[in-house]
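Note sheet for the following structure.
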Amino acid sequence: GSFSLSVNARSQGILTEHNTSFPELLRRLNAEDSLLMGEVGERVMELQTFAEALTALSSSNVLSSSYYILGGADGRGAIVTRFGNASSVDVWPLGIEGEQPSWMRVQTNVDHWVSLDSGAYATQRRQRMVDLLTAAGPAAVSRESLLSMYLTDQAKKGAENRTQPEDTGVILRPTTIATIVFDPSSREQAPDPRYWRIWSSSPKIRPPAASDRMDTFAGTSGATV
């Protein structure tokens with residue numbers, strides 16, 4: 001393939017997912033070329049190149065407030081934030097130093113420009129993954145190591161009591177339904193069962209490890225959480 005695509009809920013703004021009131025949402029739905037999150041995704045997956053996908057995600061008249069995580073088979077990647085107002089967009093590509101090292105992009109359910117110090121929801125979870133990836137280094141990124149990192153179910157020391165809302169630094173959250181690691185450069189015709197999980201029961205949050213040390217991982221490529 002040429003690219004992979006996944007979506008995270010943004011959950012911000014008026015009535016969260018669509019960042020507008022219900023009457024206004026109905027009005028927008030009747031407007032020409034207005035699309036919901038899933039409809040945009042379906043159209044993008046019919047495209048052939050990373051560049052085409054990025055343009056479509058950035059310019060489509062999308063009504064949902066969400067994050068599109070786009071990974072390219074050639075090593076490119078970007079997070080496209082749509083604000084649910086059918087126009088505003090933020091594109092955060094790989095290759096730029098800033099809130100995260102230039103070689104990674106970790107997207108949870110919070111805007112990338114919202115700092116850990118803000119105490120906002122999902123910032124602890126995001127930082128936990130950034131720390132794990134940084135400790136491993138880009139040369140050690142593989143599907144095996146990414147899945148191992150994603151299955152982190154121990155709370156982070158100092159964040160274990162953050163329950164309203166729940167943001168304990170655990171990456172594998174109790175509300176997780178399924179987990180899959182994409183590799184856009186793979187020629188596989190179907191997802192490799194070694195790199196996905198469907199959870200028949202809710203994952204459990206475990207307390208921090210006694211030493212609260214950073215685990216190290218061998219192996220990785222690129223993924224989103």
Side-chain angles (χ1 to χ4, degrees), residues 6-22 25 37-38 64-69 79-84 90 92 98-101 104-136 141 143-182 195-217 220 222-225:
S6 58
V7 186
N8 271 12
R10 185 164 179 263
S11 303
Q12 295 185 47
I14 303 170
L15 299 184
T16 65
E17 297 307 312
H18 302 296
N19 195 21
T20 189
S21 65
F22 188 67
L25 174 62
M37 175 181 69
S64 305
S65 178
S66 53
Y67 307 105
Y68 291 97
I69 300 95
I79 308 295
V80 180
T81 302
R82 299 303 306 263
F83 294 80
D90 175 85
W92 185 36
E99 305 102 88
Q100 297 176 15
M104 73 170 76
R105 290 293 176 259
V106 177
Q107 181 64 58
T108 54
N109 305 101
V110 64
D111 296 335
H112 67 82
W113 54 87
V114 176
S115 70
L116 176 66
D117 292 340
S118 72
Y121 172 65
T123 53
Q124 289 286 344
R125 182 174 183 242
R126 179 185 64 192
Q127 190 60 46
R128 187 74 173 279
M129 192 67 177
V130 169
D131 290 344
L132 290 171
L133 285 167
T134 300
V141 176
R143 284 190 286 184
E144 290 84 356
S145 62
L146 285 172
L147 184 59
S148 294
M149 295 177 199
Y150 191 90
L151 297 180
T152 299
D153 61 358
Q154 285 187 300
K156 185 179 179 180
K157 189 174 182 179
E160 63 268 33
N161 295 320
R162 292 193 58 180
T163 57
Q164 298 294 329
E166 182 270 302
D167 186 24
T168 61
V170 162
I171 298 171
L172 180 62
R173 298 185 63 247
T175 54
T176 301
I177 298 172
T179 302
I180 185 168
V181 179
F182 295 119
Y195 307 119
W196 56 267
R197 304 282 191 277
I198 296 177
W199 303 99
S200 58
S201 60
S202 297
K204 305 296 184 184
I205 295 177
R206 297 192 294 141
S211 62
D212 198 38
R213 65 179 178 81
M214 184 75 67
D215 290 330
T216 56
F217 300 86
T220 261
T224 57
V225 297

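Residues: numbered from 1 along the sequence shown.
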Against I171, only a single residue in L132, D153, L151, T179 fulfils side chain to side chain contact (heavy atoms under 4.5 Å, CB included); can you say which?
L132
Using side-chain heavy atoms (C-beta onward) and a distance below 4.5 Å, is R197 in contact with L147?
yes
For the backbone of A9 and the side chain of N109, can you confirm whether one donor and one acceptor N or O come within less than 3.5 Å of each other?
yes
Starting at CZ of R105, measure out to CH2 of W92 and round the result to the nearest 0.5 Å.
4.5 Å
Residue pairs fulfilling salt bridge (Lys or Arg N to Asp or Glu O under 4.0 Å) with at least one residue in residues 161-176, sequence neighbours excluded:
R162-D167, E166-R173
Atom of S66, atom of V7 and distance for their closest heavy-atom approach
CB-CG1, 4.0 Å
If we ignore hydrogens and angles and just use 3.5 Å, is the side chain of S148 paired with the main-chain N or O of E144 as donor and acceptor?
yes
Run the side chain to side chain contact (heavy atoms under 4.5 Å, CB included) test on F182 and I69 for me, step by step, so that the C-alpha distance in whole Å, both residues' side-chain angles and the decisive distance to 0.1 Å come before the verdict.
CA-CA 11 Å; F182 295 119; I69 300 95; over 6 Å; no
Side-chain contact test, heavy atoms from C-beta onward, threshold under 4.5 Å: evaluate it for T134 versus M104 and give yes or no.
yes
Using the test side chain to side chain donor-acceptor pair (under 3.5 Å), find all partners of Q127 that sit at least two apart in sequence or belong to another chain.
D131
Is there side-chain contact between T168 and Q124, with heavy atoms separated by less than 4.5 Å?
no
Drop me the distance from R128's CZ to L116's CG, to the nearest 0.5 angstrom.
12.5 Å
Heavy atoms from other residues, nucleotides or ligands near CH2 of W196 exceed 12 (cutoff 6.0 Å)
no
Going by atom types only, do R126 and T108 share a side-chain donor-acceptor pair under 3.5 Å?
no
Roughly how far, to the nearest 0.5 Å, is the CD atom of Q154 from the CG atom of L172?
12.0 Å
In the structure I gave you, are the side-chain heavy atoms of I205 and P174 within less than 4.5 Å of one another anywhere?
yes
Does some side-chain heavy atom of D111 sit less than 4.5 Å from a side-chain heavy atom of Y67?
yes
Would you say that T81 contacts R10 through its side chain, given a criterion of any heavy-atom pair below 4.5 Å between the two side chains?
yes
Please report the shortest heavy-atom distance between I79 and Q107, naming the atom on each side.
CG2-OE1, 3.2 Å
Rounded to the nearest 0.5 angstrom, the OG-CD1 distance for S202 and I177 is 9.0 Å
Mind listing the closest non-hydrogen atom pair of A155 and V170 along with its distance?
N-CG2, 3.5 Å
Locate the shortest heavy-atom distance separating F83 from D90; write the atom from each residue and the value.
CE1-N, 3.9 Å
Go through it in stages, so that I can follow the logic: the residues are L133 and M149, the test is side chain to side chain contact (heavy atoms under 4.5 Å, CB included), and I'd like the CA-CA distance, side-chain angles, deciding distance and then a yes or no.
CA-CA 8 Å; L133 285 167; M149 295 177 199; 3.7 Å; yes
Would you name the heavy atoms of T123 and A120 that are closest together and state the gap between them?
OG1-O, 2.6 Å
